[in-house]
Amino acid sequence: MRNREIAELLYETADIMEFQQIEWKPRAYRRAAQNIENLGEDIEKVYEKKGKKGLTEIPGIGEAIADHIAEYLETGKVKKFEDLKGKAPSGTTELMEIRGLGAKKTKRLADELKVKTIPDLKAAVNAHRIRRLEGFGEISEENIARSLRNYEKSHSRMALGKVLPLAEEIISALKTTLKTELGSKTPEIDFSKLIYTGSLRRLKETIGDIDILAEAEGEQVGKVMNAFVSLPAVGQVVSKGNTRSSVILKEGLEVDLRVVPPESYGAALQYFTGSKEHNIELRNIAQREGYKLSEYGLYEKASGKQVAGKSEEEVYRKLGLEYIVPELRENRGEIKAAIKKILPKLIEAKDLKGDFHLHTDYSEGRASLETMVKKAETMGYEYIAVTDHSRSQRIAHGMEIDTLKAQWEEIKKLSKRFKIKILRGSEVEVLKDGSLDYPDEILKELDIVVGAVNSGFSSSEREMTGRIVTALENRHLDILAHPSGRLLGKREAYAVNFGTVFETAAANGKVMEINSQPSRLDLNDELILRAKEYGLKFCISTDSHSMSDLASMRYGLGQARRGWLEKEDVVNTYPYSRLKEVFKKLRD
DNA sequence: GCCGTTTTCGGCCCGACTGTTTTCAGTCG
């Protein structure tokens, strides 16, 4: 799948064009890039099957860009882009990533100060050469210096599992401050409407910044803004106004707060939740229907009268759409489905009845079997599978057969004391040749076999596909754990043909895992969408290594919802009595 | 460069904030 690679190429080209003050084209290139990122199918395959015509069928791609993509796929480069790059000094696109520097200022820095790279910029700041440029000043120079420091600290997106708890802390701290400050005399601020929006609310796997929305009016606005910029976690105040303030946390993450009056709250929540692509589509519909949609509300174009804005539901309803939950708002077909009123009824947290992947201190877990069982029971689960590592995983204290049998004994004892159903499981290594890491007589004694690839990540696509296919054809395997092997921000997915994997899994009735560990989220939303087309079933598992990990279920759940999954698609929503429909050994 | 119930040319989201302006351009989301 080279979609991301091609999208990156187009984004970079757009940056260079922008730097050269070319108008409109950058927007067209970015739109094309975005659509390629969200395509859901392999663009290389599209080109192989339908040629250039197939490419132009993708929204945002016309004759010219289709030619460029075709050239890139055929030859590995695009002549026109190379020429373009030659004209722009290298390093300038990186400069444009510095907050406060756009195409125009970057161009002037390059032309007038010969500043073309990040080190150049640093030198210019230190020598106070920037403040002498017309249109720049002392404050601009200081801001650039700060942005530079922040850029070096963190300019990449952070994992959902890190940002979500952070956002919750900030909101809670903000509420506490406001409660103390406002006392009981001032009119109440509705704290239920102080929430995070943006990609965080859509539960995207990585988050660039935290967006917070609050509802307030009159003199309350200033109080909210003051409380926000004075939070202890704040490192730098970027801007502060009556509707928007922006800060950078001490650890480098940016947080934006927007404050709107009650009549606009729903429209603002909708607007700031995004995604951008979803909103553009929504605005187009509004236009067609004779409305204007902004963060302040939905207005009749002719009269300027507001017809919706208090709640998100109202906005969608007025536009003739079913309400769309945040996780679906990616312009991946949800708007069409909402018009036809055929949106899926997504799986919810309360539907989950168990967890099929957790570790104890028998292998690399940190808590005892009993602790994990106890915790799972208090969470209201009906069943859990204990899945410590198999023997070849020495690094993770993989279990020899004797130890595994000892664990079965303990499970037997605990089963008498706890109501929760404890399943004998194992995260069994899929070995290089595709065989499983325990002999058949052991595998058939296990209630659940979770197969996993934890080694040999650099194998060729053919080898890896063959290895996994062999495992999926093994009658003892039930679930394929973290099917892509990626670690967010650390390790790419291994090379594997997912089409073949999903097809084989479907043919053999295997379940695909959605691993909830914040660093994994594997399958991710895109692969979930693809896998679902093969008719596959899924399980959402935590892969817990400690008691607190059991709570990370919500991250996997978020990806499942982003992948349009309903309760019926996810087998750990089934009551225990139904699991034998899914897992062979529970039937035998 | 793309697109079309505003349709083959002429738009392309638009409002907030900042810094340097003396009325606005650049940037951001």
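Model, not experiment: these values are computed from the prediction.
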Student: Which of residues 76-87 of chain A sit near DNA chain B, with a heavy atom under 4.0 Å from it?
Tutor: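 Contacts with DNA chain B under 4.0 Å: A/K80.
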
Student: A/D525 and side chain to side chain donor-acceptor pair (under 3.5 Å): which single residue from A/R530, A/K204, A/R332, A/R561 fits?
Tutor: A/R332

Student: Quick one, which residues of residues 308-324 of chain A touch DNA chain B with a heavy atom under 4.0 Å?
Tutor: none

Student: Within the 4.0 Å heavy-atom criterion, would you say A/P26 contacts the bases, only the backbone, or no part of the nucleic acid?
Tutor: nothing

Student: Nearest whole Å is fine: how far is B/dG1 P from A/L9 CG?
Tutor: 14 Å

Student: Once you round it to whole Å, what is the distance between P of B/dG11 and NZ of A/K25?
Tutor: 19 Å

Student: Checking all strands, does A/A103 fall into the base, sugar-phosphate, or nothing category for heavy-atom contacts under 4.0 angstrom?
Tutor: sugar-phosphate

Student: Could you tell me if A/K318 sits above the aromatic ring of A/Y291, with its cationic atom closer than 6.0 Å to the ring centre and no more than 45 degrees from the axis?
Tutor: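 That pair does not qualify as a cation-pi contact.
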
Student: Looking at every heavy atom in both A/A560 and A/I347, which two are closest together, and how far apart are they?
Tutor: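 Minimum heavy-atom separation between A/A560 and A/I347: CB-CG2, 4.3 Å.
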
Student: Sequence neighbours excluded, which residues qualify as ring pair (Phe, Tyr, Trp, His ring centres under 6.0 Å) partners of A/Y196?
Tutor: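 In terms of ring pair (Phe, Tyr, Trp, His ring centres under 6.0 Å), with neighbours along the sequence ignored, A/Y196 is linked to no residue.
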
Student: I'd like a table of donor-acceptor pairs (distance under 3.5 Å, sequence neighbours excluded) in which one partner is a side-chain atom from residues 255-266 of chain A, with atom names and distances.
Tutor:
from   : atom 1 : to     : atom 2 : distance (Å)
A/D256 : OD1    : A/S246 : OG     : 2.6
A/S264 : OG     : A/Y296 : O      : 2.8
A/Y265 : OH     : A/K193 : O      : 3.1

Student: Would you kindly give the CZ-to-C1' distance between A/R108 and B/dT27, to the nearest whole Å?
Tutor: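 Answer to the nearest Å: 15 Å.
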
Student: For a quick check of understanding: with a heavy-atom distance under 4.0 Å over all strands, which category does A/L101 fall into, base, sugar-phosphate or nothing?
Tutor: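 Result for A/L101 = sugar-phosphate.
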
Student: Each nucleotide in nucleotides 14-22 of chain B should get exactly one letter: B, S or -. Can you fill that in based on protein heavy atoms under 4.0 Å?
Tutor: -BSSSSS--

Student: What is the distance from atom OH of A/Y151 to atom CG of A/L95, rounded to the nearest 0.5 Å?
Tutor: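 Here the rounded value is 8.5 Å.
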
Student: Considering Watson-Crick and G-U wobble pairs with both distances under 3.5 Å, what does B/dT8 pair with?
Tutor: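 WC or wobble partner does not exist here.
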
Student: Indicate, with a heavy-atom threshold strictly under 4.0 Å, whether A/K105 touches base, sugar-phosphate, or nothing.
Tutor: sugar-phosphate

Student: Can you check the A/I16 CD1 to B/dG1 P distance for me, whole Å?
Tutor: 14 Å

Student: Would you mind classifying the nucleic acid contact of A/L133 as base, sugar-phosphate or nothing, using non-hydrogen atoms under 4.0 angstrom?
Tutor: nothing

Student: Within the 4.0 Å heavy-atom criterion, would you say A/E254 contacts the bases, only the backbone, or no part of the nucleic acid?
Tutor: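 If one applies the 4.0 Å heavy-atom cut-off, A/E254 turns out to touch the sugar-phosphate alone, with no base involved.
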
Student: In whole angstrom, give me the gap between the C1' atoms of B/dT8 and B/dC3.
Tutor: 10 Å

Student: May I have the distance from A/W24 (atom CH2) to B/dG11 (atom C1'), rounded to whole angstrom?
Tutor: 7 Å

Student: Output the rounded distance in Å from CG (A/L10) to P (B/dC2).
Tutor: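 After rounding, the reported distance stands at 10 Å.
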
Student: Would you kindly compare A/E23 and A/K276 by the position of their nearest DNA chain B nucleotide and give the one closer to the 5′ end?
Tutor: A/E23

Student: Taking side chain as C-beta onward, heavy atoms only, is A/K240 less than 4.5 Å from A/N226?
Tutor: yes

Student: Can you check the distance between B/dT22 and B/dA16, where both ends of the measurement are the P atom (answer in whole Å)?
Tutor: 24 Å

Student: In terms of ring plane angle, is the pair A/Y323 and A/Y316 parallel, tilted or perpendicular, where the classes change at 30° and 60°?
Tutor: perpendicular

Student: Nucleotides 23-25 of chain B: which of its N/O atoms have a protein N/O under 3.5 Å away?
Tutor:
none

Student: Within a radius of less than 6.0 Å around NZ of A/K341, do more than 12 heavy atoms belonging to other residues, nucleotides or ligands occur?
Tutor: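 Atom NZ in A/K341 is packed in, count exceeds 12.
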
Student: Below 4.5 Å, heavy atoms only, C-beta onward: do A/L523 and A/N515 meet side chain to side chain?
Tutor: no

Student: Side chain to side chain donor-acceptor pair (under 3.5 Å) with A/E141: which of A/R131, A/R129, A/R132?
Tutor: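 Testing each of A/R131, A/R129, A/R132 against A/E141, the sole residue satisfying side chain to side chain donor-acceptor pair (under 3.5 Å) is A/R131.
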
